[in-house]
Number of protein chains: 2
Amino acid sequence: MTMSQDSSALRNPATGVRDRLLEVAEQLFAERGFDGTSIRDLAAAAGCNVASVNYYFGGKEKLYGEIWRRNLHLLRDTRIASIDKVLSESAGVPCLEDLLRSFACAFIGPLVDESGGPRLIRLMAREMINPHLPASMFGDDVIRPTLSAMQQALAKVCPELPESKVPLVVFSLIGQLIHTIWVKMMQHSMDDEALAMFEPARVIDHIVAFSAAGITAYAGGVIE
Amino acid sequence: MTMSQDSSALRNPATGVRDRLLEVAEQLFAERGFDGTSIRDLAAAAGCNVASVNYYFGGKEKLYGEIWRRNLHLLRDTRIASIDKVLSESAGVPCLEDLLRSFACAFIGPLVDESGGPRLIRLMAREMINPHLPASMFGDDVIRPTLSAMQQALAKVCPELPESKVPLVVFSLIGQLIHTIWVKMMQHSMDDEALAMFEPARVIDHIVAFSAAGITAYAGGVIE
DNA sequence: GCCAGTTTAAAACAGTTGTTTTAATCAGTC
DNA sequence: GACTGATTAAAACAACTGTTTTAAACTGGC
């Protein structure tokens with residue numbers, strides 16, 4: 001019996017080789033990057049032969065693309081769903097803080113609370129810096145839809161907010177959210193007690209309050 | 001005569017091989033990453049032999065460290081100097097907006113207005129994602145000194161701001177600034193006309209106004 | 001047993017990597 | 001000229017890369 005129970009992450013050795021490859025590839029690509037992960041690394045972690053990744057996926061890059069297809073849609077859907085939920089739940093015009101908090105949680109949720117550590121963040125950061133994905137699948141499938149949905153929602157919730165300021169306000173919000181993810185990622189690598197005060201729940205409370213203040217300052221007409 | 005006038009970036013072929021290697025290495029490491037740049041790439045770009053990088057620096061990693069030593073101190077010094085300048089120029093307590101604007105300009109200045117494109121940003125992003133630098137030279141030499149200087153300055157400028165909120169406020173500010181750099185970096189790779197509205201001058205004006213509003217909301221004592 | 005078809009294993013391929021070794025060339029100084 | 005030391009060049013090294021090829025093991029049906 002060639003059960004091949006490797007020491008690494010093979011929680012279910014009964015699953016097929018193809019599924020195991022997808023599992024360990026997402027893990028290793030996130031940890032070491034696309035170029036830093038050899039096919040022999042993948043084969044060893046999945047407990048299979050080096051030829052298997054070519055057999056099942058037709059190459060290393062195809063496997064990489066297969067991993068992304070799922071995650072991108074997951075990100076976009078949860079973010080847009082969180083916006084729609086706030087807009088539909090309240091009868092009239094929703095509270096600004098509710099919109100901000102719902103979006104913030106949906107934004108960083110799938111990227112931090114995952115069990116096996118923040119894989120998606122690392123994967124995404126690496127892909128943005130040196131891409132191995134076809135063209136602008138990133139901006140088209142996630143960034144643009146999310147941005148436009150949030151901008152429309154914000155314009156609806158804050159009618160007094162000047163239209164020209166809406167993109168900038170979303171810019172500031174997303175900047176803070178991404179930075180939250182960065183810091184969370186750093187905490188995993190270097191365990192710095194000085195970063196301990198930035199646990200996500202506390203940070204989200206702050207971002208909501210801080211951003212709401214900035215927005216209402218614009219909406220108040222103090223600045224053009 | 002072996003003038004070796006390569007087609008690539010050798011503006012001054014009269015400079016020594018060591019200096020040319022430092023020059024092209026910073027360029028190539030930023031563009032393709034540490035692992036993505038071979039010693040043969042460096043040698044070709046610098047117009048020298050493959051053995052030169054080992055001869056002058058004792059290896060690829062030593063060359064990489066040498067590049068970082070300078071840039072890290074440059075970043076820290078310009079940022080802290082911008083804070084000290086604001087604190088010393090005004091007689092009494094400086095204006096909050098002045099502090100924010102000065103720090104913001106110093107923060108993103110060396111990272112965007114450089115001639116040969118935003119090399120330092122790419123270099124930094126790559127290093128944060130998969131480090132090739134000894135230990136925590138990054139946090140010790142730049143992040144921690146800059147953070148503490150800014151937090152002290154902010155506490156002095158805004159005495160009414162609750163002490164517990166100071167780190168969070170700096171967190172939001174830096175999150176927005178780093179996001180500014182990200183977007184600027186994206187504009188270089190993908191020329192998206194939708195991102196054209198985020199030119200740095202306009203974004204800095206916004207970040208100052210937005211953050212000042214958030215800070216004064218805390219300082220106003222509305223929220224504990 | 002025999003025979004498809006699918007899946008796995010091992011070896012081989014051609015190419016690249018960082019580093020070292022060996023030789024050659026260059027500058028000065030006598 | 002010859003000698004010394006620093007610098008450059010070319011070749012060789014061992015290790016690793018993604019992919020392909022070849023052969024073996026397995027599956028279910030008859």
Side-chain angles (χ1 to χ4, degrees), chain A residues 1-8 10 12-26 28-29 31-68 126 130-134, chain B residues 1-8 10 12-26 28-29 31-68 126 130-134:
Chain A
M1 264 200 163
T2 63
M3 269 279 283
S4 77
Q5 39 188 357
D6 236 9
S7 62
S8 64
L10 288 179
N12 194 356
T15 57
V17 173
R18 207 190 110 100
D19 288 334
R20 292 207 311 258
L21 273 176
L22 279 171
E23 168 74 16
V24 303
E26 183 171 331
L28 291 187
F29 283 155
E31 285 179 1
R32 318 175 190 175
F34 182 82
D35 300 309
T37 305
S38 70
I39 290 191
R40 284 169 175 83
D41 291 338
L42 296 173
C48 69
N49 197 262
V50 288
S52 296
V53 37
N54 282 283
Y55 178 77
Y56 282 105
F57 300 95
K60 193 180 165 188
E61 300 220 353
K62 302 274 186 59
L63 167 58
Y64 185 73
E66 183 64 27
I67 291 175
W68 270 105
R126 293 184 186 282
N130 51 339
H132 295 273
L133 240 46
Chain B
M1 267 202 160
T2 63
M3 269 280 282
S4 77
Q5 38 189 359
D6 235 9
S7 62
S8 63
L10 289 178
N12 193 357
T15 58
V17 173
R18 208 190 109 100
D19 289 333
R20 291 207 311 259
L21 272 176
L22 280 170
E23 168 75 17
V24 302
E26 183 170 331
L28 291 187
F29 283 154
E31 285 178 3
R32 318 178 191 173
F34 182 81
D35 299 312
T37 305
S38 71
I39 289 192
R40 285 167 176 83
D41 291 338
L42 297 173
C48 69
N49 197 262
V50 288
S52 296
V53 37
N54 282 283
Y55 179 77
Y56 282 106
F57 300 95
K60 192 182 168 188
E61 299 219 356
K62 302 277 187 60
L63 167 58
Y64 185 73
E66 183 64 29
I67 291 175
W68 270 105
R126 293 184 185 282
N130 51 338
H132 295 273
L133 240 44

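So that the names make sense, note that chain A is the first sequence line, chain B the second, and so on, each numbered from 1.
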Hey, could you give me the [atom1]/[atom2] distance between [X] and [Y], rounded to the nearest 0.5 Å?
X      : Y      : atom1 : atom2 : answer
D35(A) : R32(B) : CG    : CZ    : 12.5 Å
E26(A) : E31(A) : CD    : CD    : 11.0 Å
N54(B) : K60(B) : CG    : NZ    : 11.0 Å

Restricting both atoms to N or O, compile the protein contacts to nucleotides 16-20 of chain C shorter than 3.5 Å, with distance only.
from	atom 1	to	atom 2	distance (Å)
dG18(C)	OP1	T37(B)	O	3.4
dG18(C)	OP1	K60(B)	NZ	2.6
dG18(C)	OP2	I39(B)	N	2.9
dG18(C)	N7	R40(B)	NH1	2.9
dG18(C)	O6	R40(B)	NH2	3.0
dT19(C)	OP2	K60(B)	N	3.2

Nearest atoms (heavy-atom pairs only) where L63(A) meets A25(A):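 For L63(A) versus A25(A), the nearest heavy atoms are CD2-CB, 3.8 Å.
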Using Watson-Crick and G-U wobble pairs whose two distances are both under 3.5 Å, how do you write the pairing of DNA chain D as dot-bracket, with | for links to another strand? ||||||||||||||||.|||||||||.|||
Report yes if at least one side-chain N or O of Y55(B) is closer than 4.0 Å to OP1 or OP2 of dT8(D); otherwise report no.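 No, Y55(B) has no side-chain N/O under 4.0 Å of OP1/OP2 on dT8(D).
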Got a sec, which residues hit ring-ring contact (aromatic ring centres under 6.0 Å, His included) with F34(B), two or more places apart in sequence or on another chain?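 Testing F34(B) for ring-ring contact (aromatic ring centres under 6.0 Å, His included), a comparison that skips the adjacent residues, returns F29(B), Y64(B), H132(B).
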Test side chain to side chain donor-acceptor pair (under 3.5 Å) applied to R40(B) - qualifying residues, sequence neighbours left out: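 With neighbours one apart ignored, the set is empty.
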Under the side chain to side chain donor-acceptor pair (under 3.5 Å) test, residues paired with E61(B) that sit two or more places apart: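 By the side chain to side chain donor-acceptor pair (under 3.5 Å) rule, E61(B) matches no residue at all.
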Rounded to the nearest Å, what distance is computed from the CG atom of residue L21(A) to the C1' atom of nucleotide dT7(C)?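 The distance from CG of L21(A) to C1' of dT7(C) comes to 13 Å, rounded to the nearest Å.
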How many whole angstroms separate atom CG of L42(A) from atom P of dG18(D)?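 My rounded result for the distance is 8 Å.
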Determine all donor-acceptor pairs shorter than 3.5 Å in which one atom belongs to a side chain in residues 44-52 of chain A; sequence neighbours excluded.
from	atom 1	to	atom 2	distance (Å)
N49(A)	OD1	A51(A)	N	3.2
S52(A)	OG	N49(A)	O	3.3

